[in-house]
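Inspection log for the structure reproduced underneath, given as structure tokens.
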There are 4 protein chains.
Amino acid sequence: MSTTAERRHGPRLRADASRNRERIVAAAREAFVEHGADVTLDEIARRAGVGNATIYRHFADRSELIRQVTLEVMNRTIELAESALADEEDAFEALRRFAYGATEERIGALCPILSEDCEALAAQLAEKRARLERALQGIMDRARDSGLLRPDVASGDVMIAIAQLTRPLPGTTRVSLDRFVHRHLQLFLDGLRAPARSALPGAAATFEDLRNDH
Amino acid sequence: MSTTAERRHGPRLRADASRNRERIVAAAREAFVEHGADVTLDEIARRAGVGNATIYRHFADRSELIRQVTLEVMNRTIELAESALADEEDAFEALRRFAYGATEERIGALCPILSEDCEALAAQLAEKRARLERALQGIMDRARDSGLLRPDVASGDVMIAIAQLTRPLPGTTRVSLDRFVHRHLQLFLDGLRAPARSALPGAAATFEDLRNDH
Amino acid sequence: MSTTAERRHGPRLRADASRNRERIVAAAREAFVEHGADVTLDEIARRAGVGNATIYRHFADRSELIRQVTLEVMNRTIELAESALADEEDAFEALRRFAYGATEERIGALCPILSEDCEALAAQLAEKRARLERALQGIMDRARDSGLLRPDVASGDVMIAIAQLTRPLPGTTRVSLDRFVHRHLQLFLDGLRAPARSALPGAAATFEDLRNDH
Amino acid sequence: MSTTAERRHGPRLRADASRNRERIVAAAREAFVEHGADVTLDEIARRAGVGNATIYRHFADRSELIRQVTLEVMNRTIELAESALADEEDAFEALRRFAYGATEERIGALCPILSEDCEALAAQLAEKRARLERALQGIMDRARDSGLLRPDVASGDVMIAIAQLTRPLPGTTRVSLDRFVHRHLQLFLDGLRAPARSALPGAAATFEDLRNDH
DNA sequence: AATGAATGAGGGTTCATTCAT
DNA sequence: AATGAATGAACCCTCATTCAT
């Protein structure tokens, strides 16, 4: 019967709803990047071309939306890492491609979101995080094995530095660092090259250190 | 004698306004570091142990408070740069000392504040900014002249990277990057060393690029 | 049918926004009259039976609400003047009818609002003001031509005096002048009659003199 | 002994205090006229050249200060009425002089204060009110007896109208009616002349009607 | 399912009043 | 006695969230 009903009215509503959800997530991602982490839901709804209440049909509350945006970015970043690993001959070039690509993904704008203290997020992210870590470690392992990467750095170090160096300035500022981000990533990458030019203080960071429930 | 009494009993009931002002600025600085740039004035007042309206006796409004905190941090950072330049034999070591010291100053938490769109702030900060730039350039010039620093980086590049790499994660997160900041600064510093290991994309950043009125 | 049902049960749960808007304007008008121009929005919201934030859905801010209330009263006053001019045989009687009617419109309570320093208000009011002036001048011209009105007074004189004489006392006072307003208007009207019983000092007031942007 | 003490330190403090009180009242009167009924106590204190807390040494609270300002204005207005009655030959001219003088006293700005719902005020004002009424009635009686004043008006009518016609517009407006006040008072006075040109509606107003405790 | 409208809770700010010197 | 400083209560306004259509 439900099938009949669907046939009568077409599966349009379902498709529309699913499409709405995607549009909201995409709009939220863009809004976070452009307006900072404090964008209002009304602004996100406006960008998505839906009513504000529609957001609540798809997401329980604001942090749930943020969570989903984070997952979305994680997925894209995973794909980025995996394709960099698969495509590039030069392992260090794969690392550079990953870092530069992360800039385009605005991972710096959305990494903050990682820190939302939300246990459910940690749970959902666990798998994504692990997969991303595996991909990035793959890149780094290969580079290290090729003698291109200094051996005293771990995937967490790189992930954190990339995220921080690509973060936009807070507020609705007219100052943008966009022009310089690649420079600073490149300088950091140069510091990662073997042979190491100094002894690093502290212990290498792993993705585990980014979990907020310990 | 009163000093002795004060030492024994503590500064009794002095309730002087100038002390309150200092306490407010200090509380604001800490609050910005811990809770981000959006802390409420109530939270700041609570930390300072004063009523919220007391803040308005000392500062015209929220942005005026932010301005003063920024100036305070600028002053401390200037002193940091100047003493590093004066004290250290090795010019690159001076740079490292400056970078590490900036971590302690929480410059990453307060640099974001630079972006507050406030013309008066820019005006007041102009002199401080120039002085800080001079000091940092002094360090870098010496290091470059000693053949320790790659020649294709400018003071703005270093300032931005230090600020970004030392920023705390947003939100009231339980994740802190404190343990790793020195590592990542060190990696960046290694990337700064001569000889350059790559050609940098884009143009070198100057302090001028950090002004928000253009 | 629905109309019948509505008549029987009253407008059930219509909760339409346009009705809310009207209720807010009406509540604001009454509140201004009773409590003066400084009533809080909370009081207005309470009278309108809505939450305070609802006011902001309909009006950008406080002055926008004031603007709309003023326009509303202007419209009613224009209609008052035009119908007085059209209906009354005796031109001086038309003037009296206008003055007395203005009392009912509480124009004295709301004219003060005219002084809100708001450029947008002046702009929007310009047309209304001109139209009201035309109507009142029409009344006065006819009365003057009939030899009933002294020739040395202008429309601004009459408008100001009516507004002032019908103003309620400020504060939440228990003293009301309502009982006396018509008396004082009548005395003023008697002073307006031809022949003039004295030479008036100063220059005649026009509506132009009531604009706040010069 | 207290006399001795006073002699030792001089009666200066007493004189200063009394002088301060007068300065505060005068400053408050001016501030009310210039800035409206909502002037802050800080502004009044600034004008008086004293600290804000000093106001509280002389007046229990804001309404107590307002009360005293009202009494001050009442006193000046009484003197105005009594001297007009004593000096002028023509009884109607005395009325005109009183009305115009009231403009200079800014009675319109301070009459509002009459309406402060404060029982203590009514008590203190009772005598002043009575005395002012006697003086104004004296003027009006003489004018009526001379056949110059229409017989159907009472002192309250005149008092109210003068107060209303001389009130400044509220808010920090750039529109001032100062230029026109005398005109409108004159028109009202012309309406007061005998013979009456119309029958007045309602009952004549007495000062009793201005009391707020009934 | 989707949405425009409504709202309570909370933030920045002001000011009459009180406190401490 | 006089005052600079401190403050709670209240105002305007915003926004995440809920309601009614």
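Each chain gets a letter, A, B and so on, in the order the sequences are listed, and its residues count up from 1. Note: hydrogens, waters and symmetry copies are ignored here, and every other heavy atom, side chains too, is used.
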- Query: Roughly how many Å is it from CD1 in A:I55 to C1' in E:dG4, rounded to a whole number?
  - Reply: 14 Å

- Passes side-chain contact (heavy atoms from CB on, under 4.5 Å), A:I66 versus A:F59? Steps please. CA-CA 9 Å; A:I66 290 180; A:F59 308 95; over 6 Å; no

- At under 4.0 Å, does any side-chain N or O of A:H58 touch on OP1 or OP2 of E:dA2? yes

- Can you check whether D:L71 reaches D:Q68 side chain to side chain, under 4.5 Å on heavy atoms? yes

- Query: So do C:R57 and C:R21 actually touch side chain to side chain, heavy atoms under 4.5 Å?
  - Reply: no

- Determine, stepwise, if the pair B:E64 / B:D61 fulfils side-chain contact (heavy atoms from CB on, under 4.5 Å). CA-CA 5 Å; B:E64 169 69 17; B:D61 58 8; 3.5 Å; yes

- Note on the structure: All heavy atoms of D:G36 vs all of D:V39, minimum pair found to be O-CG2, 3.0 Å

- In whole angstrom, what separates C:R19's CZ from E:dA6's P? 13 Å

- Message: Going by side-chain contact (heavy atoms from CB on, under 4.5 Å), name the residues that satisfy it together with C:Y56, two or more places apart in sequence or in a different chain.
- Response: C:L41

- To the nearest 0.5 Å, tell me how far D:H58 NE2 sits from D:S18 OG. 8.5 Å

- Task: Whenever both distances are under 3.5 Å in a Watson-Crick or G-U wobble pair, mark it; put DNA chain F into dot-bracket that way, with [ ] for crossing pairs and | when the partner is on another strand.
- Result: .||||||||||||||||||||

- Message: For A:V50, give me all partners under side-chain contact (heavy atoms from CB on, under 4.5 Å), at least two apart in sequence or on another chain.
- Response: A:N20, A:I24, A:A45, A:A48, A:T54

- Task: Starting from C1' on F:dT14, measure out to CZ on A:R62 and report it in whole angstrom.
- Result: 13 Å

- Query: Which salt bridge (charged side-chain N to carboxylate O under 4.0 Å, His left out) pairs, counting each pair once, include a residue from residues 35-50 of chain D, with sequence neighbours left out?
  - Reply: D:E30-D:R47, D:E34-D:R47, D:E43-D:R46, D:E43-D:R47

- In whole angstroms, the gap separating P of F:dC13 from CG of C:D61 amounts to 5 Å

- Message: If you take any heavy atom closer than 4.0 Å to DNA chain F, which residues from residues 39-54 of chain A end up in contact?
- Response: A:V39, A:T40, A:L41, A:N52, A:A53

- Query: Does any N or O donor sit under 3.5 Å from an N or O acceptor when you compare the side chain of A:R57 with the base of E:dA2?
  - Reply: yes

- Task: Please state how far atom OH in D:Y56 lies from atom P in E:dA16, giving the value in whole angstrom units.
- Result: 7 Å

- Message: Expressed as a whole number of angstroms, how long is the span from C:D38:CG to E:dT14:C1'?
- Response: 14 Å

- Nearest-Å distance for atom pair CD1/P, residues C:I66 and F:dC12: 10 Å

- Message: Are the side chains of B:N52 and B:I44 in contact, using a 4.5 Å heavy-atom criterion?
- Response: no

- Item | Near-strand residues of residues 21-29 of chain B, defined as heavy-atom separation under 4.0 angstrom from DNA chain E | none

- Task: Write down the atom of A:R29, the atom of A:V73, and the distance for their closest heavy-atom approach.
- Result: CD-CG2, 3.6 Å

- Rounding to a whole Å, what distance do you find between C:E64:CD and F:dC13:P? 11 Å

